[in-house]
**Q** 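Before anything else, here's the structure in question.
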Amino acid sequence: MWLFARLVGFVFRRARMGYILSSRRPAFLPASTLFLYGYGAGLLGVAATTATEKLELYLTSRPGPRPGPRPSPYVPGRGRQQPQLSTLLLAAAAVLRAWMSYRGVRGPLGGLVFVGARLLVDGTLEDWTRVGAPPPWTWPVNEQVLDILHKTVFALVTGYFTDRWIQ
């Protein structure tokens with residue numbers, strides 16, 4: 001966590017100094033537009049991640065994820081929610097990537113910074129909803145690599161669309 005915070009700070013300092021900022025950044029973008037761009041890119045990132053997960057499961061013949069004791073996300077104080085809640089919340093996390101694109105943190109470097117944010121959001125969401133797998137450090141190494149690979153796909157696809165749309 002400390003290393004991720006240092007990396008984000010480094011990237012944003014470099015962006016302020018003009019090393020990463022794009023000269024084609026719009027002067028003003030309403031927050032609602034930024035939210036819609038980020039949310040739309042997040043939904044496309046979720047679709048790409050789902051497709052790559054299905055392809056990976058098909059190619060490796062690995063069994064798919066099995067639901068835990070509570071198959072649908074549970075939000076404290078609200079009872080059971082729809083199974084799509086986690087997908088919608090992960091897509092909402094892409095609004096951060098849209099903000100990063102707007103501020104000029106673009107390209108693969110911005111995508112890799114967003115991978116850390118995606119890991120943070122995913123862990124927080126699983127802890128908050130009390131649904132999910134055991135902590136990742138208890139997983140076999142090959143499953144950890146696949147998990148990070150799928151989250152990287154989400155981050156790069158989301159970043160690609162936000163970078164293209166916010167110019």
**Q** Which atom pairs, one a donor and one an acceptor, fall under 3.5 Å between side chains of residues 31-39 and the rest of the protein, sequence neighbours left out?
**A**
{"unit_1": "Y39", "atom_1": "OH", "unit_2": "L88", "atom_2": "O", "d": "3.4"}

**Q** Identify each donor-acceptor pair in which a side-chain atom of residues 141-148 lies under 3.5 Å from a protein atom, sequence neighbours left out, and give them as a table.
**A**
{"unit_1": "Q144", "atom_1": "NE2", "unit_2": "P136", "atom_2": "O", "d": "2.9"}
{"unit_1": "Q144", "atom_1": "NE2", "unit_2": "W139", "atom_2": "O", "d": "3.1"}
{"unit_1": "D147", "atom_1": "OD1", "unit_2": "K151", "atom_2": "NZ", "d": "3.2"}
{"unit_1": "D147", "atom_1": "OD2", "unit_2": "K151", "atom_2": "NZ", "d": "2.8"}

**Q** Grab the two heavy atoms, one from V105 and one from G110, that are nearest each other, plus how far apart they are.
**A**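 That closest heavy-atom pairing would be CG1-CA, 3.7 Å.
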**Q** Mind checking what makes side chain to side chain contact (heavy atoms under 4.5 Å, CB included) contact with A155, not counting sequence neighbours?
**A**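 Result, side chain to side chain contact (heavy atoms under 4.5 Å, CB included) vs A155: F114, V115.
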**Q** Given H150 and E56, is the side chain to side chain contact (heavy atoms under 4.5 Å, CB included) satisfied, shown in steps?
**A** CA-CA 10 Å; H150 293 307; E56 176 261 321; 3.3 Å; yes
**Q** Taking side chain as C-beta onward, heavy atoms only, is L44 less than 4.5 Å from T158?
**A**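 Side-chain contact under 4.5 Å: no.
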**Q** Can you tell me how far apart CG (L55) and OG1 (T60) are? Round to the nearest 0.5 Å.
**A**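 Reported to 0.5 Å precision, the distance equals 9.0 Å.
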**Q** Quick check: closest heavy atoms across A48 and V157, and the distance to 0.1 Å?
**A**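 Where A48 meets V157 most closely, the heavy atoms are CB-CG2, 3.8 Å.
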**Q** Give me the atom names and distance for the closest heavy-atom approach of L96 to A117.
**A**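 In terms of heavy atoms, the two residues are closest at CD2-CB, 3.7 Å.
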**Q** Using the rule that two of Ile, Leu, Val, Met, Phe, Trp, Tyr join whenever any of their side-chain heavy atoms come within less than 4.5 Å, decide whether M100 and L156 are in one cluster.
**A**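 They do not share one cluster, since no chain of ILVMFWY contacts under 4.5 Å joins M100 to L156.
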**Q** Using only atom types and a distance under 3.5 Å, with no angle test, would you say the side chain of D163 pairs donor to acceptor with the backbone of G107?
**A**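 Side chain of D163 to backbone of G107: a pair is present.
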**Q** Measure the spacing between CG of L149 and CD of E53 and express it to the nearest 0.5 Å.
**A**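 It comes to 9.5 Å.
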**Q** Please say yes or no: joined through hydrophobic side-chain contacts below 4.5 Å, possibly via intermediate residues, are F161 and V113 part of one cluster?
**A**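 In one cluster: yes.
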**Q** Report the distance from atom CZ of F154 to atom CZ of R97, rounding to the nearest 0.5 Å.
**A**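 One finds 11.0 Å between CZ of F154 and CZ of R97.
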